[in-house]
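Have a look at the structure below before the remarks.
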Amino acid sequence: MMTTKRPLPEPVMQQQVSYSEAVVALSLGGGRLLLDDGCAARTALSCLLVPQSGDRVLYLAASGGERWVLHVLSRMDASEASIEVAGIPRLTIASPELTLCGERRLALITADEADLTAAGRLTLSARDLTFNVLGSLLQSARHVVGRCETWLMTASGLGRLHARQTLVTADEDIRADAERISLG
């Protein structure tokens, strides 16, 4: 078997790069920034913390004139921060276990759809739980068990309970009040 030797490629000229720090003068949106020296820069994909005006940042300056903000070093007003991957329309966080903690509040907000799916158990625990649905609320389950101190349900139109067998029991009193009551 014969092998042909190919010549090795010539070394690629390495770009001259330098690292510097600057202050963000203005965020132009879409990962574009104006630095305090008047130069424009873009947020690197690896810089997940969204730079804000007044932030001290570390940037890379390539020989072609491009500047990439790599890190946010400090922030004068550290009361709020946003995490974003500049220019990427979808972000997935994958881990065997994931915890999101909001000491005072946790908000999940979307302008369109939200899915919460668990192949095993899904638990909601709260002191108070409120559902506000503008359209339809559909519940489907093999078994539904509810326990409460007081249960009130009001329907402005039709209220219906139907089953193959229905059992209504009370320890003290059962009342039916209507303009007309039909049994049988």
Side-chain angles (χ1 to χ4, degrees), residues 24 26-34 42-55 57 69 71-184:
V24 175
L26 187 62
S27 176
L28 303 172
R32 297 175 300 126
L33 305 165
L34 181 64
R42 295 197 52 84
T43 305
L45 287 176
S46 62
C47 185
L48 299 180
L49 188 62
V50 177
Q52 297 177 352
S53 296
D55 287 354
V57 296
V69 172
H71 300 286
V72 175
L73 301 172
S74 65
R75 176 167 288 166
M76 292 182 53
D77 178 16
S79 64
E80 186 175 322
S82 295
I83 295 176
E84 178 181 298
V85 181
I88 302 298
R90 181 179 175 147
L91 174 65
T92 300
I93 300 172
S95 175
E97 290 189 31
L98 178 65
T99 302
L100 299 175
C101 294
E103 189 174 309
R104 286 180 293 167
R105 185 170 189 263
L106 175 64
L108 302 174
I109 300 168
T110 180
D112 197 7
E113 293 184 18
D115 296 318
L116 183 58
T117 305
R121 178 182 301 241
L122 177 64
T123 303
L124 297 176
S125 299
R127 182 176 44 86
D128 295 308
L129 181 61
T130 302
F131 287 109
N132 291 316
V133 180
L134 298 177
S136 298
L137 174 63
L138 173 66
Q139 294 178 320
S140 178
R142 183 174 296 173
H143 303 283
V144 176
V145 176
R147 293 186 183 105
C148 60
E149 186 174 318
T150 304
W151 180 55
L152 302 171
M153 181 181 283
T154 303
S156 61
L158 173 67
R160 180 177 186 244
L161 173 65
H162 175 77
R164 190 166 36 97
Q165 296 176 351
T166 303
L167 176 65
V168 178
T169 62
D171 287 339
E172 293 180 20
D173 200 11
I174 293 179
R175 297 178 187 187
D177 181 20
E179 197 172 297
R180 183 180 75 208
I181 297 174
S182 301
L183 296 173

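Basis for what follows: all heavy atoms, side chains included, without hydrogens, waters or symmetry-related copies.
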Heavy-atom closest contact ([X] atom, [Y] atom, distance):
X      : Y      : result
Ser27  : Ser53  : N-OG, 3.8 Å
Ile181 : Ala176 : CD1-O, 3.5 Å
Ala118 : Arg121 : CB-O, 3.9 Å
Thr166 : Ala163 : OG1-CB, 3.6 Å

Nearest 0.5 Å please: distance from the [atom1] atom of [X] over to the [atom2] atom of [Y].
X      : Y      : atom1 : atom2 : answer
Leu34  : Leu28  : CG    : CG    : 6.0 Å
Leu100 : Leu108 : CG    : CG    : 7.0 Å
Ile174 : Thr169 : CD1   : OG1   : 6.5 Å
Gln52  : Leu26  : CD    : CG    : 12.0 Å

- Query: Would you find more than 12 non-hydrogen atoms of other residues, nucleotides or ligands less than 6.0 Å from Asp177 atom CG?
  - Reply: no
Return all side-chain donor-acceptor pairs below 3.5 angstrom for residues 75-94, not counting sequence neighbours, or 'none' if the list is empty.
| residue | atom | partner | partner atom | Å |
| --- | --- | --- | --- | --- |
| Arg75 | NE | Asp55 | OD1 | 2.9 |
| Arg75 | NE | Asp55 | OD2 | 3.2 |
| Arg75 | NH1 | Glu80 | O | 3.0 |
| Arg75 | NH2 | Val50 | O | 2.9 |
| Arg75 | NH2 | Asp55 | OD2 | 2.6 |
| Asp77 | OD1 | Ser79 | N | 3.4 |
| Asp77 | OD1 | Ser79 | OG | 2.9 |
| Asp77 | OD2 | Ser79 | OG | 3.4 |

